[in-house]
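Worksheet: one structure, shown below.
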Protein chains: 2
Amino acid sequence: MTTASAAAAPTRARRVERSRRGDKQPTIHDVAKAAGVSKSAVSLAIRNQTGVSEATREHILSVAQELGYRSNVWARSLVQGRTGLVGVLLQDLGNSYHRDVTAGVEDAAAEHDLRLVIAHGRRDHRRLQAELDSLLALGVEGVVIVSSSVPPTYLERIAKRVPLVVIGRLPHEVPGLDTVANQDEMGARLAVQHLMELGHSRIAHLTGSSRPAALHRRRSFAESMRNLLPDVEPQIEGPERLDAAIKYLIFQIQQEKGAPTAVFTQNDRIAAELVGACLDAKLELPHQLSIVGYDNSSVCRMLRPQLTSVDQPRVRMGQMALDMLFERIGGRIEDKHVTIAPRLEVRDSTAPPRD
Amino acid sequence: MTTASAAAAPTRARRVERSRRGDKQPTIHDVAKAAGVSKSAVSLAIRNQTGVSEATREHILSVAQELGYRSNVWARSLVQGRTGLVGVLLQDLGNSYHRDVTAGVEDAAAEHDLRLVIAHGRRDHRRLQAELDSLLALGVEGVVIVSSSVPPTYLERIAKRVPLVVIGRLPHEVPGLDTVANQDEMGARLAVQHLMELGHSRIAHLTGSSRPAALHRRRSFAESMRNLLPDVEPQIEGPERLDAAIKYLIFQIQQEKGAPTAVFTQNDRIAAELVGACLDAKLELPHQLSIVGYDNSSVCRMLRPQLTSVDQPRVRMGQMALDMLFERIGGRIEDKHVTIAPRLEVRDSTAPPRD
DNA sequence: GTGAAAGCGCTAACAT
DNA sequence: ATGTTAGCGCTTTCAC
């Protein structure tokens, strides 16, 4: 300790205060003293840098180990001006889509030596923003946002301060940030094609939202129908009053002659509701109605019949997002927008129409 | 700037280096200079502390605003010796149980002015440990662990360094940490009671694990059966070869005279598998078999018949865990173990037995 | 190869 | 009420 000993008094006082609460946590200084070397030697040794002899390093490391030394990330970040942290902002952590995407992000982060901090928006507009702020305050070097509900103007502002990659469909392009999305157009086309190949022509679409991804699926559904089945008027139910829409569909099937024989839904959750309602109405699935979902979530295999669904490569999307974030952190300037092809996972909820 | 001006050179150089990457981020120093006051005045002003006149504060705040100043959490933590961070370590973020528990933790954390950092163990033993380490390195002041798969010896070691609250059942009591759990015994009893009241006596239990919570449910099932239905030998299937166990149950129901008329499962996931297998085997639910799950997860309402299930007060459990953590951080020494009563959510998967 | 010293951005004790 | 100063624990020149 080379600084004036007069000044040591308050310092010591604080030390005592802290150890009372149990976290006496040895510092680099303690290690240096115990090992009989300088602070810088310790610093170099623990970071595996050149500048200390092999013998010294080993000695230092063993002393550090013994003392239970752990380097203080905050102090390090302070001086280095970087934290090695990236954030993942999740719209909702209670589902398999988010789980898998996050896993992908995590894997890629590990490869780049970045630490992940997960934040949870809880499907709430304002909370998403608050959490994003909070991530920034934490000093993350970039954020992967798994949600498309953060207002674009807000995103644009944040993107100026820190690299941002959004996984999902934004209402419109936002300058300064990257996006990763699945090709909703292709997903919808795959669904329609599959149903058509089974022999269906009266195919309806059931949607519960007008958010961008839903919109893309809806539009592409309509377009695919016009292309593949030009003689049929595509029927679209929702997004308002989803319950009523489901009831109406079932009514049609029970009563009307030209009723749909298949439904492509905006996502698995809605498909599950439809399946439930059909079973409640004693419809026979899949013979009276074929159903295709979107997301290939874990419920697909729980339902009976098991749900045919469009599968987004979730893990891969997470990985790509983090890789893109890493490029940005590394200095890439131009925006990058990547879309990935989904594929159809065929299960038991689709079959040839009865007649 | 009172320090030697000769030393300013390298500092300035670094500044330039940084601003090249876009994060020029004004410091408290810049604000002070721009506002024509001292650093400490700024510090007091932004933290809303007394010591500056109202006029000065407003002036400082407006200057800070204008410069886009944001206080550096790392620097503050470094000098204050605390971070205001608490960690939540999740076994698996892809389900509604974890979502709801986390929401509870979040709510309570907000009340205590603590920031949440979520980490994801991905159902992996080693990863859980690594993430816990990583949280500690981040400087969290406590951790809520939503998992019972972290090895007790490891927990015990960590608990010495930082307050820990585990939500879930540990294999055995670990000194130095608190726990929150639902009363699995009561949950199992509720299930058996409900089925008995419907007229069932041949009730089986289907389990897929021997982890503590599963074990408690299993034991309590056996005990409840002995108490309530002393004439019947309780049948327990699993935890090994769950698939075979399910097949066997179905075989019994189809072929044997004294087959079970109801099954209480260890959790909803297993219940869902059982439901699926029954439907595949053309059993009529709930008339040929009543099923009770555990967790009241979101799949309960998706299945047909909708699943009767034991409900843990998840949000409440999260809140309690964080409150307990807060007490610990505040200095509580003695361990605290809380259990909460579950309740039964009755739906359509349970009905009187056919005969 | 090693140590001394400066300073990251901030707070808190101390002077004024 | 305001400004000054000494560090928090660490990294990083820069001498030796």
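In what follows, chains are A, B, ... by sequence order, proteins preceding strands, each numbered from 1.
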Carboxylate-amine/guanidinium contact A:Arg328 A:Asp335, below 4.0 Å: yes
Could you tell me the separation between the CG atom of A:Leu78 and the CZ atom of B:Arg76, rounded to the nearest 0.5 Å? 13.0 Å
Mind calculating the distance between CG (B:Leu78) and P (D:dC8) to the nearest angstrom? 9 Å
d(CG, A:Asn72; P, D:dG9) in whole Å: 7 Å
Charged N-O contact under 4.0 Å between A:Asp107 and B:Arg122: yes
Check the distance between D:dG9's P and B:Arg76's CZ and give it to me in whole angstrom. 18 Å
Salt-bridge test for A:Arg316 and A:Asp100: reply yes if a basic N is under 4.0 Å from a carboxylate O, no otherwise. no
May I have the distance from B:Trp74 (atom CH2) to D:dG7 (atom C1'), rounded to whole angstrom? 20 Å
For A:Gln80 and D:dT13, what is the distance between atoms CD and P respectively, to the nearest whole Å? 11 Å
Donor-acceptor pair, B:Glu141 side chain versus B:Thr83 backbone, under 3.5 Å? yes
Mutual orientation of the aromatic rings belonging to B:Phe326 and B:His112 [parallel < 30°, tilted 30-60°, perpendicular > 60°]: parallel
Considering every strand and a 4.0 Å limit on heavy-atom distances, what is the contact class for B:Ser77: base, sugar-phosphate, or nothing? nothing
Measure from CZ on A:Arg82 to P on D:dC10 and round the result to the nearest Å. 18 Å
Between atom CG in B:Asp30 and atom P in C:dC8, what is the gap in whole Å? 11 Å
Within residues 35-58 of chain A: residues closer than 4.0 Å to DNA chain D (heavy atoms): A:Lys39, A:Ser40, A:Ser43, A:Arg47
A:Lys33 atom NZ is separated from C:dG3 atom C1', nearest whole Å, by 17 Å
